Student: 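First the structure, which I've put down as structure tokens, then a few questions once you've had a look.
In each ligand, atom 1 is the first atom listed, and ligand 1 is the first ligand listed. It should be emphasised that the depicted structure is a prediction, and the values quoted were computed from it without experimental measurement.
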Amino acid sequence: MLYLASQSPRRRDLLDQLGEPHRTLHVDVEETRGTGESPDDYVARVALDKARAGFALVAGEPDARVLGADTEVVLGDEVFGKPRDAADASAMLRRLAGREHRVISAVWLVHAGGERRARSVSTVRFAPLSDADIAAYVATGECLGKAGAYAIQGRAAAFIEHLSGSYSGVMGLPLHETSRLLRGQ
Ligand SMILES: Cc1cn([C@H]2C[C@H](O)[C@@H](COP(=O)(O)OP(=O)(O)OP(=O)(O)O)O2)c(=O)[nH]c1=O
């Protein structure tokens with residue numbers, strides 16, 4: 001059985017797109033970047049923590065395979081996770097406006113036979129945003145629970161001038177890379 005160690009409805013929907021039957025596992029993992037930890041290492045570590053925590057719940061089952069994923073928005077060396085509140089979301093969006101940032105998604109597959117990873121890095125360029133644009137977006141509430149305080153699959157699509165990389169990766173689960181991981185490639 002394939003399990004997805006995630007509370008994210010986006011990840012569930014994305015994994016459904018692969019047509020792979022799966023169940024979700026509820027895991028709660030600490031998401032704090034260590035001092036000196038690179039954005040890449042941080043995203044990979046958190047995704048692995050989620051997959052391992054999920055695997056611990058079903059390790060007794062034969063053929064259990066568990067996916068864990070993490071997505072962060074990265075501006076320079078700064079990592080923007082999920083905003084604490086509306087003010088934090090506005091501050092993130094002000095920083096992202098009119099610039100290019102990266103979105104890093106890491107995925108781990110953990111099973112009795114071992115642990116394997118996939119990774120996706122996309123570049124996203126935001127249009128310049130006025131204070132009124134940001135206030136109107138934050139008022140929708142869409143920014144909450146999303147890395148970098150925006151959802152490419154929602155109204156923030158209007159802010160995106162250019163994307164290079166993986167749309168599904170920005171949304172939280174890079175499907176090409178995940179599909180390869182599941183096929184053992
Ligand atoms: C940038 C971006 C992020 N996101 C979401 C994907 C992730 O759900 C979230 C990043 O937070 P994560 O910590 O990666 O995931 P999560 O806490 O939502 O879910 P779980 O740990 O249980 O798997 O941001 C979008 O939905 N759209 C976007 O455009």
Student: Answer with yes or no whether G145 contacts ligand 1, where contact means a heavy atom under 4.0 Å from a ligand atom.
Tutor: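 G145 counts as a contact of ligand 1 under the 4.0 Å cut-off.
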
Student: When rounded to the nearest 0.5 angstrom, what is the spacing between CG in D40 and CD1 in I104?
Tutor: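 Rounded to the nearest 0.5 Å, the CG-CD1 separation comes to 4.0 Å.
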
Student: Taking the side chain as every heavy atom from C-beta outward, state whether L173 and S168 have any atom pair closer than 4.5 Å.
Tutor: no

Student: How does R10 reach ligand 1, if at all, at less than 4.0 Å between non-hydrogen atoms: by side chain, backbone, both, or neither?
Tutor: side chain

Student: Would I152 count as being in polar contact with ligand 1, using the rule that some N or O on each side must be under 3.5 angstrom apart?
Tutor: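 In this structure, I152 places an N or O atom under 3.5 Å from an N or O of ligand 1.
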
Student: Using heavy-atom distances, let me know which of R11, Q7, E72 sits nearest atom 14 (O) of ligand 1.
Tutor: R11

Student: With heavy atoms of D70 as the reference, note each atom of ligand 1 found under 4.0 Å away.
Tutor: 12 (P), 13 (O), 14 (O)

Student: Is any N or O atom of A69, backbone or side chain, closer than 3.5 Å to an N or O atom of ligand 1?
Tutor: no

Student: Tell me: protein heavy atom nearest atom 26 (O) of ligand 1, and distance?
Tutor: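 The answer is Q153 NE2, 2.8 Å.
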
Student: For K82 and ligand 1, does the shortest N/O to N/O distance drop below 3.5 Å?
Tutor: yes

Student: Answer whether the closest heavy-atom distance between the side chains of R23 and M1 falls below 4.5 Å.
Tutor: yes

Student: Inspect the contact between E31 and K50 and indicate whether a charged nitrogen and a carboxylate oxygen are less than 4.0 angstrom apart.
Tutor: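 Salt bridge between K50 and E31, a charged N being under 4.0 Å from a carboxylate O: yes.
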
